[in-house]
Amino acid sequence: MPHHQQREIRYNFEYEARLKACFIGCGGHAYRNVYPALRYAPVDLTGVCDLDLDRAKQFAKLFGGERGYSDHHEMLEAEQPDLVFIVTAYTPDGRVQATDLALSALQAGSHVWMEKPTAASVAEIDRLDEVSRGAGRMVMTGMKKTFFPTIEKLRDLIDSPDFGRLTSLAVRYPQPLPPMDDRGDLVKMRSFLDHIYHPGSILNFLGGEIERASYERDAVTGATVTNFRFSSGAIGALHMTAGQSWSGPLERVEVIGEGAHAVVENGTDLTVYRQADLPSYGRAASFLQPDDHAALLFSPERSLGQLYNNNLFYLGYVPEILHLTDAILGGRDITKGTLASAREIMKLFDFYRTIGPGVAANL
Ligand SMILES: NC(=O)c1ccc[n+]([C@@H]2O[C@H](COP(=O)([O-])OP(=O)(O)OC[C@H]3O[C@@H](n4cnc5c(N)ncnc54)[C@H](O)[C@@H]3O)[C@@H](O)[C@H]2O)c1
């Protein structure tokens with residue numbers, strides 16, 4: 001089954017089978033990107049909760065929720081939702097607020113869709129996993145990059161015989177790593193924890209489990225270059241380009257097979273370089289490859305009022321919610337944004353927290 005599929009999107013009110021949903025958190029990201037995505041999901045939003053009750057009521061009014069709450073226990077008890085969305089932030093000591101909220105939702109019998117980060121440690125993920133299994137309810141983390149159409153397409157290429165096996169991959173993402181002395185402090189690691197889920201989810205989705213890693217770090221910007229060996233035998237690099245300009249694209253992902261490779265630039269522009277021969281060296285007068293070996297370019301048109309050129313779709317926000325609602329309604333398990341993937345990302349976080357530059361460590 002390919003990861004990238006052209007599906008027809010239904011509008012919220014067109015679904016017959018629907019899930020009763022509640023939402024915890026009325027902050028900036030939720031406002032911009034998660035509540036608006038519910039317009040395309042099979043959910044009836046009943047309870048909306050924020051520590052600020054007025055804000056919760058305003059969000060409920062704007063996004064079609066029925067009631068506002070300031071206490072999630074009260075909301076879960078009163079509403080008994082099938083599914084709870086959690087988009088919150090951090091405690092003063094740097095822990096992830098959503099981790100405990102997810103446990104409460106599971107214990108109330110609800111499935112959970114939560115924003116990254118899922119937690120701040122492997123132990124917390126294991127606890128979520130235990131409670132999720134005990135309750136028979138799923139926890140999905142919004143690993144949006146694994147739902148970018150372009151990144152899904154890279155995964156499909158890796159699985160296709162023409163590409164050969166994945167031999168190496170490179171991910172570029174701008175993020176500083178604090179100095180070693182600060183890494184025990186979750187507050188100082190907050191930005192790193194907040195963002196490691198983005199490149200981490202791509203590495204996990206495309207490359208699988210990481211076996212061994214080592215990195216070098218720039219002392220001024222905190223930029224790093226990390227080498228990986230994956231359990232599959234593939235090798236990889238993560239270039240965290242702290243110090244780059246904010247006027248440039250943030251990301252590039254490159255996967256190399258056997259005689260073929262592909263690049264995703266800036267999230268939306270995909271070039272697939274199919275297998276081709278080197279034109280006669282020193283003799284060929286034209287660089288054009290035969291049509292069936294030529295590069296394939298994919299880039300969205302941006303003039304029609306379509307869903308695909310709206311960031312709710314090309315950044316994966318709607319697809320990542322549909323992945324969970326489809327699974328719940330279809331009686332299936334999720335395969336992306338799983339606690340197993342979150343656990344791999346937490347192992348990577350622990351690697352950066354505890355291992356100094358220039359040291360190869362087994363994950
Ligand atoms: N995937 C992405 O593209 C992306 C982008 C930005 C942020 N995020 C994630 O979204 C999350 C939220 O980020 P933000 O910048 O919107 O944060 P924010 O601080 O603006 O919002 C958090 C909200 O949660 C509420 N909250 C906290 N604890 C609560 C509780 N117990 N009950 C009810 N409400 C509670 C707060 O009152 C606040 O309104 C973070 O986890 C962040 O990593 C993801």
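One is the number of the first residue; the rest follow in order along the sequence. Remember, it's 1-based here, ligands and their atoms both numbered in the order they're listed.
Every atom of ligand 1 is numbered from 1 in the order shown, and the set under 4.0 Å from a heavy atom of Ala89 is 19 (O). Below 4.0 Å from some heavy atom of Val87 lie the following atoms of ligand 1, by number and element: 10 (O), 11 (C), 12 (C), 24 (O). For ligand 1, the atoms closer than 4.0 angstrom to any heavy atom of Glu115 are 1 (N), 9 (C), 10 (O), 44 (C). Using a 4.0 Å cut-off to heavy atoms of Gly28, the atoms of ligand 1 that qualify are 16 (O), 20 (O). Below 4.0 Å from some heavy atom of Lys144 lie the following atoms of ligand 1, by number and element: 1 (N), 2 (C), 3 (O).
Remark: Lys336 is positioned above the aromatic ring of Phe147, its terminal NZ or CZ atom under 6.0 angstrom from the ring centre and at most 45 degrees off the axis.
Evaluated by nearest non-hydrogen atom to atom 18 (P) of ligand 1, the leading choice among Ser191, Gly27, Ser104 is Gly27. Of the listed options Met75, Gln97, Arg32, Gln97 places a heavy atom closest to atom 27 (C) of ligand 1. Of the candidates Val96, Asp194, Thr118, Thr88, it is Thr88 that places a heavy atom closest to atom 40 (C) of ligand 1. Considering each of Asn33, Asp50, Val48, the one bringing a non-hydrogen atom nearest atom 23 (C) of ligand 1 is Asp50.
With a heavy-atom cut-off of 4.0 Å, Leu101 touches ligand 1 through its side chain alone. With a 4.0 Å cut-off on non-hydrogen atoms, His29 touches ligand 1 through its backbone as well as its side chain. Counting heavy atoms under 4.0 Å from ligand 1, residue Tyr317 touches it through the side chain alone. Here Ile24 has side-chain heavy atoms under 4.0 Å from ligand 1, and that is the only part of it that gets that close.
For Cys26, the heavy-atom gap to ligand 1 drops under 4.0 angstrom.
Ring geometry for Tyr352 against Phe192 counts as perpendicular: the plane angle is over 60°, on a 0 to 90° scale with 30° as the lower cut.
Side chain to side chain, Arg172 and Gln244 meet the donor-acceptor criterion of an N or O pair below 3.5 Å. No donor-acceptor contact under 3.5 angstrom links the side chains of Asp50 and Tyr69, judged on distance only. There is a side-chain donor-acceptor pair under 3.5 Å between Ser191 and Gln175.
If you check which protein heavy atom lies closest to atom 41 (O) of ligand 1, you get Lys116 O, 3.0 Å. For atom 29 (C) of ligand 1, the nearest non-hydrogen atom of the protein is Leu51 CG, 3.6 Å.
For ligand 1, the polar-atom distance check against Arg55 finds no nitrogen or oxygen pair separated by under 3.5 Å.
Aromatic rings from Phe85 and His111 are positioned such that their centres are separated by 6.0 Å or more.
Under 4.0 Å is where a charged nitrogen must lie from a carboxylate oxygen, and between Glu152 and Arg155 no such pair does. A salt bridge does not link Arg343 to Asp129: none of the charged side-chain nitrogens sits closer than 4.0 Å to a carboxylate oxygen.
Within a 6.0 Å radius of CD in Gln5, more than 12 heavy atoms belonging to other residues, nucleotides or ligands are found. Other residues, nucleotides and ligands contribute more than 12 heavy atoms inside 6.0 Å of the CG atom of Asp292.
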Evaluate side-chain contact (heavy atoms from CB on, under 4.5 Å) for Arg39 paired with Phe13, printing each intermediate quantity in order.
CA-CA 8 Å; Arg39 289 178 291 153; Phe13 56 83; over 6 Å; no

